[in-house]
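Numbering of residues begins at 1 and proceeds along the displayed sequence. The structure displayed is predicted, hence computed values, not measured ones.
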Amino acid sequence: MWTKPYGMKEGFLIGGGLIIVGLMLQLSSGPVDWNAFRWPVNGIVLAGFLALIAIIFLLRKRVYGFQFIGTYKAAIPALVYVVVLTIIMGLTRQEINGAWLNNMLSFWPFVLIYVYMDVILGLTVLRQLKSWAEAIFSLFLRPSGSKRAELKRTLDFSLLSHLGLFLAMTTATLGNADMQRLKMITVKGKPEWRALTSQQQILEMPITIELKEFIMETYDDGKPKRFASDIQIMTKTGKSINTTVEVNKPVEVDGWKIYQYSYDTQMGAKSQTSILELVSDPWLPLVYVGIYMMLGGAVCFMLLSIPWTGGWRQARKHPKRALTIAVVIAAAFFCVHHFMPILHSNTLVPALQSPWFKPHIIVYMLAYTLMASAAVIALYLLLKAKQGNLDNLVFVGLSMITIGMLFGALWAKEAWGHYWSWDPKETWAAITWFAYLIYVHYRKTPNHQPRLAMWILLISFVLLQMCWWGIKLLPHLRETSVHLYSN
C-alpha cells in the first residue's frame with residue numbers, strides 16, 4: 001500500500017479519506033451553505049479552483065500524488081464513490097432543509113467527492129490540451145505524412161466531452177447561487193409585481209405582469225391539451241409587451257425568462273388565476289457552451305466507435321455470430337418499444353408537446369436497446385466463461401445515453417426553467433451514466449480483468465432499469481418528480 005506506482009486501492013483510500021473529511025466538516029460546521037457563493041464570491045472561487053488545477057498539473061512530475069490523480073486508477077474509484085453517493089441520493093427523499101442524507105447537495109462528503117471528480121476532469125482536460133498543442137506544433141514544424149498520421153491519433157474527440165462536462169459542472173454548480181427561480185401568482189385584470197421564493201419570501205420584481213386571459217384546451221377525457229396565458233408585461237423603462245406564455249414556450253424580458261407553471265386546477269378552463277415562474281440565470285450561457293460541447297463530443301465518440309468497414313468484414317466472416325447479435329438487438333428494441341407506452345399515447349400532456357420530445361425518446365430507445373443487448377451478451381459470456389469485446393456496442397450506447405440526457409436537459413430548460421434539478425428521474429439518469437463511464441474507463445486501464453468488466457456492465461444495466469421504470473416504486477417519487485406529467 002502506498003508504494004509506487006499507486007493503484008486503485010490508493011484511489012479508493014483517497015476517496016474514503018475525502019468522505020471522512022466531509023463527515024468531520026458536516027459535524028463541525030453544518031451543511032454546505034451555497035448562498036454564500038453568490039457573486040462575486042463564486043467568481044473568486046472559480047478563479048482559485050482553476051488555479052489549483054493548473055498548479056497540480058504543473059507540479060505533477062515533481063509530486064507523484066499529483067501525477068496519480070490524473071490517471072484512470074484515480075478516476076475509476078472516484079466514479080465509484082460518485083455512483084454510490086448518488087444512489088443514496090436517489091433512494092432517499094431530498095428536501096431543501098433536510099439533514100444529512102436528505103439534502104445530499106449540501107452534504108459535505110457528496111460535495112467533496114464531486115469536487116474531487118471535477119479536479120480529475122480538469123487535469124484530464126489540461127493533459128489532452130497539451131497533447132493537442134504538441135501535435136499541432138510538431139506538424140507545423142515538420143509537416144510530414146507520419147506527423148499528420150500522429151496528429152490524427154492525437155486529436156481525441158473525447159476532449160470535447162471532457163471539457164464540456166468540466167465547464168457545465170463547474171459553472172452550473174457555482175452559478176446556482178446566482179440563479180433565481182420565483183413564482184408569481186397572477187389574477188386576471190390585476191397587475192402583479194411581487195413574486196415568491198422557494199422559502200415563501202416576497203420579492204418585488206423589476207417587471208409588472210397583468211393576466212389578460214387564461215387559455216385552456218382539453219382532450220375528450222378532460223385532460224389538459226394546452227394551457228397558456230395572455231399577459232401584458234410592463235418594465236421599469238416604461239416598455240409594454242403583450243405576449244402569450246405557455247408550456248415549452250417561455251418569454252424572455254430584461255434577463256428574466258417567464259414560464260407557464262400552473263393555474264387554478266379546481267376551476268380548470270375557467271381559471272382566473274395563472275401561476276408563472278420567473279427565472280434569472282446569469283451563468284446559463286457558459287453552461288450551454290458546456291452542454292453543446294458534450295453533445296459534439298458524444299456524436300464524434302459514437303461515429304468513431306461504430307466499426308463501419310470492420311463490422312461489415314466481420315459479419316461476412318462470421319455470419320452466424322452477426323445474425324445472432326442482430327436478433328438480440330432487434331428483440332431488445334421490440335421490448336423497449338413495447339414497454340414505453342408513452343410513445344403510443346394520443347393524449348400527450350403539454351409538457352410532452354415539445355420539439356425535444358421525440359429526439360429525446362428515440363435516442364434513449366436506441367441507447368436502451370444497445371445496452372440491453374450488451375447486458376445479454378455479457379451474461380452469456382459470464383455463464384459460458386468466455387471472453388468477448390463489447391466495447392463498440394457499449395461506446396455507441398453510452399454516446400446515445402449522453403445525447404438523450406443532454407436533449408432532456410435542453411428540453412427541461414424550456415419546459416420547467418432548469419436544465420438539471422436533481423429530480424429523481426434525473427438523479428437515476430446520472431447514476432446510470434456514471435456507471436457506464438466506469439466501464440469505459442476500466443476497459444482503458446492496462447491489465448484489466450474481462451470478467452470484472454462484464455460484471456460492471458450487468459450492474460450498470462440494473463441501474464438503468466431503476467432509471468427507466470424502477471423509480472416508480474420509490475415512495476417519494478410521486479410527490480417530488482415532474483416526470484410524472486400529471487399536469
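In this structure the side chain of Met400 never reaches within 4.5 angstrom of the side chain of Tyr368, judged on heavy atoms. Side-chain contact between Leu165 and Leu167: absent, with no pair of heavy atoms (C-beta onward) separated by less than 4.5 Å. Put simply, the side chain of Phe107 does not reach to within 4.5 Å of the side chain of Asn102, judged on heavy atoms. Inter-residue side-chain proximity for Val394 and Tyr439 is flagged as met; some heavy-atom pair is nearer than 4.5 Å. Here the side chains of Glu246 and Arg226 are in contact, with some heavy-atom distance below 4.5 Å. Contact check for Tyr292 versus Leu410: side-chain heavy atoms found under the 4.5 Å cut-off. Side-chain atoms of Leu182 and Met205, non-hydrogen and from C-beta on, do get closer than 4.5 Å to each other. Looking only at side-chain heavy atoms (C-beta outward), Ile403 and Phe301 stay at 4.5 Å or farther from each other.
Contact record, Val287 with Ala168: O-CB, 4.2 Å, taken as the closest heavy-atom pair. Taking each heavy atom of Ser158 and Gln128 in turn, the nearest pair found is OG-NE2, 2.9 Å. For the pair Gln26 and Trp108, the tightest heavy-atom approach, listed with the atom from each and the gap, is OE1-N, 3.0 Å. Across all non-hydrogen atoms, the minimal contact from Ile233 to Val251 is CD1-CG1, 4.4 Å. Scanning both residues, Phe434 and Val83, for their nearest heavy atoms gives CB-CG2, 3.6 Å. Smallest separation of non-hydrogen atoms from Gln94 and Thr92: NE2-OG1, 2.8 Å.
A donor-acceptor pair under 3.5 Å is formed between the side chain of Thr186 and the backbone N or O of Ser274. Within the 3.5 Å criterion, the main-chain N or O of Gly16 finds a donor-acceptor partner in the side chain of Tyr81. In this structure a side-chain-to-backbone donor-acceptor pair under 3.5 Å is missing from Ser305 to Phe395. When atom types are taken as modelled, the side chain of His360 and the backbone of Trp356 share no donor-acceptor pair closer than 3.5 angstrom. The backbone N or O of Arg127 lies less than 3.5 Å from a partner atom in the side chain of Ser131, making a donor-acceptor pair. Under a 3.5 Å cut-off, the side chain of Gln260 and the backbone N or O of Ser262 do form a donor-acceptor pair. Under a 3.5 Å cut-off, the side chain of Ser421 and the backbone N or O of His418 do not form any donor-acceptor pair. In terms of modelled atom types and a separation under 3.5 Å, the side chain of Lys425 and the main chain of Cys467 share a donor-acceptor contact. Trp193 places no side-chain N or O within donor-acceptor distance of the main-chain N or O of Ile209, the cut-off being under 3.5 Å.
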TODO: Before giving the answer on side-chain contact (heavy atoms from CB on, under 4.5 Å), spell out for Tyr116 and Val111 the whole-Å C-alpha distance, their side-chain angles and the decisive distance to 0.1 Å.
DONE: CA-CA 9 Å; Tyr116 176 51; Val111 173; over 6 Å; no
- [ ] Start with the C-alpha gap between Thr86 and Tyr114, add the side-chain angles, then the distance that decides, and say whether side-chain hydrogen bond (donor to acceptor under 3.5 Å, both in side chains) holds.
- [x] CA-CA 10 Å; Thr86 312; Tyr114 267 82; 2.8 Å; yes
Open item on the list: What verdict does the side-chain contact (heavy atoms from CB on, under 4.5 Å) test give for Ile215 and Tyr263, after you've listed the backbone C-alpha separation in whole Å, the side-chain angles of each residue and the deciding distance to 0.1 Å?
Closed with: CA-CA 10 Å; Ile215 305 165; Tyr263 55 95; over 6 Å; no
Task: Derivation and outcome, side-chain contact (heavy atoms from CB on, under 4.5 Å), residues Phe68 and Ile14 - done: CA-CA 11 Å; Phe68 172 73; Ile14 292 173; 3.8 Å; yes
Open item on the list: Test side-chain contact (heavy atoms from CB on, under 4.5 Å) on Leu25 and Leu112; report intermediate values, then the result.
Closed with: CA-CA 10 Å; Leu25 287 170; Leu112 289 182; 4.2 Å; yes
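In this structure, Leu27 places its CG atom where more than 12 heavy-atom neighbours from other residues, nucleotides or ligands lie under 6.0 Å away. The number of heavy atoms from other shown groups lying within 6.0 Å of CD1 (Ile185) does not exceed 12. When the shell of 6.0 Å around CD of Gln266 is examined, it contains 12 or fewer heavy atoms from other residues, nucleotides or ligands.
Note on Glu217 versus Lys223: no salt bridge recorded, every NZ/NE/NH1/NH2 to OD/OE distance being 4.0 Å or above. The pair Lys190-Glu210 does not meet the salt-bridge criterion, since no charged nitrogen lies less than 4.0 angstrom from a carboxylate oxygen.
Atom CZ of residue Phe461 and atom CG of residue Leu464 lie 6.0 Å apart, to the nearest 0.5 angstrom. Going from atom CG of Leu18 over to atom CD1 of Ile20 covers 9.5 Å, rounded to the nearest 0.5 Å. If you take OG on Ser106 and CE on Met104, they are separated by 10.5 Å, rounding to the nearest 0.5 Å. Taking CG of Leu59 as the reference point, atom CZ of Phe66 lies at 6.0 Å (rounded to 0.5 Å). The line from CZ of Arg60 to CD1 of Ile55 is 14.0 Å long, rounded to the nearest 0.5 Å. For the atom pair CE (Met216) and OG (Ser229), the distance works out to 11.5 Å, reported to the nearest 0.5 Å.
With hydrogens and angles left out, the side-chain atoms of Thr244 and Asp230 include a donor and acceptor closer than 3.5 Å. In summary, the side chains of Thr273 and Ser271 do not present any donor paired with an acceptor at a separation below 3.5 Å, with no hydrogens or angles considered. For the 3.5 Å distance criterion, the side chains of Tyr72 and Thr124 fail to qualify, holding no donor opposite an acceptor. Counted by atom type alone, Glu414 and Ser354 present zero donor-acceptor pairs between their side chains at under 3.5 Å. No side-chain N or O of Glu192 forms a donor-acceptor pair with one of Thr208 less than 3.5 Å apart.
Within the structure, the side chain to side chain donor-acceptor pair (under 3.5 Å) test picks out the following pairs touching residues 39-53 (sequence neighbours left out): Asn42-Asp178.
Here the two rings, on Trp416 and Tyr259, have centers that are 6.0 Å apart or farther. Note: Phe166 and His162 fail the aromatic proximity criterion, with ring centroids not under 6.0 Å apart.
Between Phe37 and Trp34, the two ring planes are tilted [angle within 30° to 60°].
Lys183 forms a cation-pi arrangement with Tyr261, by the criterion of a distance under 6.0 Å to the ring centre and an angle within 45° of the ring axis.
Put simply, the residue from Leu123, Ile113, Thr170, Ile53 that forms a side-chain contact (heavy atoms from CB on, under 4.5 Å) with Asp118 is Thr170.
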